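Encoded as structure tokens, the structure appears first; notes follow it.
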Amino acid sequence: MSDTAKEEKIIGQLRRILEESSTTEPDWDNFGRNSTIESLGLDSLTILDLLYDIEEEIGVHLEAKEVLNITTLGELVDLLIKNGA
Amino acid sequence: MTNETSQRTGSARHRVVVTGMGIASPLGVDEKTVWKNLIEGRTGIGPIRAIDTSALKVHNGAEVPEGLAEARLKSMGRRPSDRALDLAVVSAQDALLDSKLISQEQELVPQDVSVIYGTGVGSAESHYKSMQAMFEKGPQRARPTAVPRCMYNAISAGISLQFKLTGANYMVVSACTSATNAIGTAYRMVRDGYAQTVLTGGSDGFFDPFFYPVWNNIGVLSKIEDPIKACRPFAADREGTILGEGAGTLILETLESALSRGVPIRGEVLGYGESSDATHLTNPSSEGQAKAMRMALNEAGVSPQDIGHINAHGTATHGNDACESKSIRSVFGDAADDVPVVANKSYFGHTLGASGALECISAFLALEHGISPPNLNIENPDPECRIHMVGSKPVSIDSRPVMKNSFGFGGGNGVLVLGPSN
């Protein structure tokens, strides 16, 4: 799978996760690499749920401290690919 | 609004007025629709949609009409999270707008408003989902945010966070008495100067595959199939209660604060009484109930003859209605022959920890309009319940105070005396 296809697949998986679990209404029209973590309604607590769902759906375990400094969805995608997604 | 802490002396006594009300109920999620349904005698009880009840004995419940709360949450940028929290937030927004503490046009700013809220069951949906995940995947796969989502105070915390309210923030949990105890506690805080403004009320939402079946098995739900006829408070042919979901929120503040802000006053809390039966976990005691009623009357400085009508707990179970009518008779004596009694659970269902709030709002609306909603299904009043029930048509009421009763499993009793806006 090309890097672009891999990225698109992960972004699709993250979107499905967030559609299911988010407690806020993200801006789905502009959902993509440049979406900020804040605009997705994630904070230091709710991102724990995202990590839980990522492990369930994508099969990659990330520690909370690894995502502390992440500010965009693109950075999260890169981290997931780096960890074997 | 002032943020001065110098007022928190605990020594001043203030008149406590209601400046905002909000409701998310089986009769609707706006006050106007709720009142129209009440006065036109339309129940919110129907076949339950949220879960499959085909294997259960009872299939009726009072649910908030589909999509209404969800639409309101969306307008706030929220998605449904936990039913009790969601309904609480919807009703809290309306109460805050009504009291002009927030507006649709202005960005939210932190305000020194306390949140003292009631619930019977708490975050039932979060509990159920967390347990379900744990049983399916094992304890090591329990969702990390189950802890804060399942807290009882997830509700008051959620309101505080959503609207930036920086006063006290905690829950009162006492089964079906929760909201009335919460309102009573809030009333005392404002009256005694510990808070200038408190957002109070109650919320419960529990139509899940665990909680509702359990209630089926405790034997207090009406098995009458017709949802319109199922809940029959104080009727000779009553067969039990019907559960409901909902939330009601009231803004209590000092009279001085309301006048200085120039906001309309919707009513006044005049007195509060509370007691514990200390006799049985689920069977009520008329002595305990009467004690709370007398305390509330005494605190309000009124006699039974001064009460214009009673908004009863009125669960429509045989034992509860018999006990409550005996308690009313013991406190009111012969005056019980004339004081009209209305019971709202045939409309809202029994919303447990929210019921006191929904019924207080109903009582304040009755005072504002000078009309009591009719009682549903009271064609055959129980002669053993020696009280004067409002009939099946609305009746005019005067502006004298209302007594609002709430009694709960656990033996807790809460009684409020509510007055009009003058």
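From a predicted model like this one, the values you see are computed outputs, not experimental measurements. Note on naming: letters A, B, ... go to the chains in the order of the sequence lines (proteins, then strands), and numbering restarts at 1 for each one.
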(request) Evaluate the criterion side-chain contact (heavy atoms from CB on, under 4.5 Å) for residue pair B/Met76 and A/Glu25; output intermediate values, then yes/no. (result) CA-CA 9 Å; B/Met76 283 184 251; A/Glu25 282 287 356; over 6 Å; no
Could you tell me whether [X] atom [atom1] has more than 12 heavy atoms of other residues or ligands within 6.0 Å of it?
| X | atom1 | result |
| --- | --- | --- |
| A/Asn34 | CG | no |
| B/Met131 | CE | no |
| B/Glu136 | CD | yes |

(request) Please check if the side chain of A/Tyr52 supplies one atom and the backbone of B/Arg141 the other of a donor-acceptor pair under 3.5 Å. (result)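 The answer is yes, because a donor-acceptor pair under 3.5 Å joins these two groups.
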(request) Examine distances only and state if a side-chain atom of B/Arg79 and a backbone atom of A/Glu19 form a donor-acceptor pair shorter than 3.5 Å. (result)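 Pair found, side chain donor or acceptor close to backbone of A/Glu19.
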(message) Quick check on the interface: out of B/Arg149, B/Arg78, B/Arg143, B/Lys74, who has the most heavy-atom pairs with chain A under 4.5 Å?
(response)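 Most pairs with chain A among the choices: B/Arg143.
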(request) Let me know which of A/Asp49, A/Leu50, A/Leu45, A/Thr46 forms a side-chain contact (heavy atoms from CB on, under 4.5 Å) with B/Pro144. (result)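 Filter result, single survivor: A/Asp49.
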